[in-house]
Amino acid sequence: MRPVVSLPRLSRSLAVSMASPGEVALAKTVGYVISAGSTALYMPMISRCITRWSAAGLSAETWLLKLTAYWTADLYCISRHYPLAQYAEMLSLVVQAFAMLLIVCFFQRRAAPAVGALVVLVAGGALLAAPDWRESVLPALQAGAAVLGASAVVPQIILNVQRSGSGEFSVITAALLTCGNALRGWTTLALADGDAVLLFGAA
């Protein structure tokens with residue numbers, strides 16, 4: 001019988017990093033720069049919603065999906081003991097996505113998405129604390145979260161079409177996300193041994 005190749009083993013077998021100490025140091029610097037820049041991704045949107053006292057045109061489902069994708073990426077990186085520079089921006093984005101979700105739920109008088117977010121956060125933390133599960137389950141969840149993150153904007157797109165407007169999303173936000181993903185793909189090669197699961201998420 002042929003042995004089954006698990007996602008963790010596949011991830012390690014596809015490791016391609018041959019980074020020098022200098023490249024690793026540069027990758028860490030870039031990683032922290034990305035993390036600092038990530039605070040500018042959704043904070044303006046949060047500020048506008050509070051200032052205007054409205055979350056019209058925003059989809060709670062989009063923010064729940066984004067929160068799930070970001071949180072899963074954090075849990076995966078933590079379980080693999082990767083440097084903080086590899087995933088620090090995801091920690092920032094979890095906080096921002098959760099804040100946006102609560103804001104949208106508050107203004108739209110919806111509780112279910114907020115409760116769903118709490119379930120995701122607590123369940124993820126419990127999974128991370130279970131060594132027998134995190135090695136086999138988290139890689140699969142991270143692979144799925146990469147797809148989830150890419151599809152998270154679908155509810156927002158549908159809402160934008162219905163409203164004939166772009167809501168609070170902008171070309172600048174999309175451009176920042178694209179640049180951040182490109183740079184994160186490079187830092188993954190240096191800081192996470194070219195982890196195939198993370199590279200899939202940055203693609």
hydrophobic_cluster_shared for L84 and L138, side chain cutoff 4.5 Å: yes

Under 3.5 Å: donor-acceptor pair, side chain of S47, backbone of M43: no

N/O donor-acceptor pair under 3.5 Å between T29 side chain and A25 backbone: yes

Connected via hydrophobic side-chain network under 4.5 Å: V120 and Y42: yes

Side-chain touch L141/L75, heavy atoms, less than 4.5 angstrom: no

Sidechain-backbone polar pair: Q96 side chain, I46 backbone, donor-acceptor under 3.5 Å: no

Close side-chain approach of T188 and Y82, heavy atoms under 4.5 Å: no

Aromatic ring pairing W53/F107, orientation class (parallel under 30°, perpendicular over 60°, tilted between): perpendicular

Minimum-distance pair of heavy atoms, taken over all atoms of Y70 and A97: CD1-CB, 4.1 Å

Co-membership, hydrophobic cluster, residues L65 and V122, 4.5 Å side-chain: no

Spacing of L67 atom CG and T72 atom OG1 [to the nearest 0.5 Å]: 8.5 Å

L91 CG to I78 CD1 distance, which is reported to the nearest 0.5 Å: 6.0 Å

With sequence neighbours excluded, residues passing side chain to side chain donor-acceptor pair (under 3.5 Å) with T187: R184

Salt bridge (Lys or Arg N to Asp or Glu O under 4.0 Å): pairs with one or both residues in residues 110-125, sequence neighbours excluded: E61-R110

Check against side-chain contact (heavy atoms from CB on, under 4.5 Å), I103 and W63: CA-CA 10 Å; I103 288 171; W63 293 105; over 6 Å; no

Point-to-point distance, once rounded to the nearest 0.5 Å, from CD of Q142 to CZ of R80: 11.0 Å

Donor-acceptor contact below 3.5 Å, side chain S38 vs main chain S35: yes

ILVMFWY network linking V104 to I50, side-chain heavy atoms under 4.5 angstrom: yes

Joint hydrophobic cluster, L121 plus L101, side-chain heavy atoms closer than 4.5 Å: yes

Side-chain touch L93/D74, heavy atoms, less than 4.5 angstrom: no

Donor-acceptor under 3.5 Å (E23 side chain, A190 main chain): no

G37 backbone acceptor or donor facing E89 side chain under 3.5 Å: no

Beyond-backbone contact of L58 with C49, side-chain heavy atoms, under 4.5 angstrom: yes

Reported SG-to-CG distance for the pair C77 and D195, which is rounded to 0.5 angstrom: 7.5 Å

Value rounded to 0.5 Å, distance of CH2 in W71 from CZ in F98: 11.0 Å

Close side-chain approach of K28 to P83, heavy-atom, < 4.5 Å: yes

Qualifying salt bridge (Lys or Arg N to Asp or Glu O under 4.0 Å) pairs, either residue in residues 96-109, two or more places apart: none

